[in-house]
Amino acid sequence: MKCPFCQSMNSQVKDSRTSEDGSAIRRRRICSSCGARFTTFERVQLRELTVVKKNNEHVPFDRDKLAKSIYVAVRKRPVDMDKVERLVNSIQRHLEGLGENEIKSTDIGQLVMDALLNLDKVAYIRYASVYKNFNETKDFEDFIANLLKEEK
């Protein structure tokens with residue numbers, strides 16, 4: 001594994017653990033050249049996924065980008081980060097299990113929206129504001145009004 005600090009290809013695994021949900025292996029490594037310590041994750045990848053964006057651009061699925069968008073939505077919320085990690089793993093496994101190599105970005109966005117609705121309503125609204133491209137306060141008002149109407 002290449003050291004992210006000095007780019008050396010010589011590193012040793014010092015500790016390995018499975019993640020809480022068993023979907024990944026976390027490895028603590030130390031670089032033999034510079035002595036830096038870093039963490040890597042090993043996950044099962046069932047298939048190569050391609051995301052088809054709204055402009056019809058095709059890009060490789062990026063799990064880290066998915067996770068980052070969810071972490072931004074739950075930032076400063078009382079949400080357990082292990083739940084967020086399980087949510088990301090769940091979405092990725094769902095996408096891989098669809099049997100399709102190409103997935104629309106809107107489908108991924110809707111999966112995230114559905115998951116956040118059950119996890120944290122504020123994070124759901126935050127994510128929706130970006131996903132649905134809210135431009136003014138009226139967009140928030142309408143969205144929250146619909147959310148409250150559906151809860152009744």
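Worth saying up front: this structure is predicted, and the values here are computed from it rather than measured.
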For this session: Kindly determine whether Cys3 and Ser33 satisfy side chain to side chain contact (heavy atoms under 4.5 Å, CB included), including the steps that lead there.
Result: CA-CA 9 Å; Cys3 173; Ser33 299; over 6 Å; no

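- At a threshold of 4.0 Å, the pair Lys138-Asp142 counts as salt-bridged, since one of the basic side-chain nitrogens sits closer than that to a carboxylate oxygen.
- Here the CD1-CG distance, from Ile70 to Asp120, works out to 12.5 Å after rounding to the nearest 0.5 Å.
- Taken to the nearest 0.5 Å, the NZ atom of Lys14 stands 11.5 Å off from the CZ atom of Arg29.
- Atom CD of Glu100 sits about 10.5 Å away from atom CG of Leu49, to the nearest 0.5 Å.
- Here OG1 of Thr18 is found 11.5 Å from CD of Glu42. Values are rounded to the nearest 0.5 Å.
- A donor-acceptor pair under 3.5 Å is formed between the side chain of Tyr131 and the backbone N or O of Thr106.
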For this session: Starting from the C-alpha separation in whole Å, work towards a yes-or-no answer on side chain to side chain contact (heavy atoms under 4.5 Å, CB included) for Arg126 and Val72.
Result: CA-CA 9 Å; Arg126 285 178 178 173; Val72 167; over 6 Å; no

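- Ser11 contributes a side-chain N or O that, together with a main-chain N or O of Met1, makes up a donor-acceptor pair within less than 3.5 Å.
- Ser105 approaches Lys54 most closely through the heavy-atom pair OG-N, 3.8 Å.
- The CG atom of Leu116 sits 11.0 Å away from the CG atom of Leu111 when rounded to the nearest 0.5 Å.
- Judged purely by distance below 3.5 Å, without hydrogens or angles, the side chains of Gln110 and Asp114 pair a donor atom with an acceptor atom.
- Here SG of Cys31 is found 11.5 Å from CZ of Arg37. Values are rounded to the nearest 0.5 Å.
- Closest non-hydrogen pair, Ile25 versus Ser16, comes out as CG2-CB, 4.3 Å.
- Below 30°, between 30° and 60°, or above 60°: for Phe134 and Phe140 the angle between ring planes is above 60°, a perpendicular geometry.
- In plain terms, the two heavy atoms of Tyr127 and Ser69 that are nearest each other are CE1-OG, 3.9 Å.
- Contact detail for Tyr71 and Val84: the closest heavy-atom pair is CE2-CG1, 3.4 Å.
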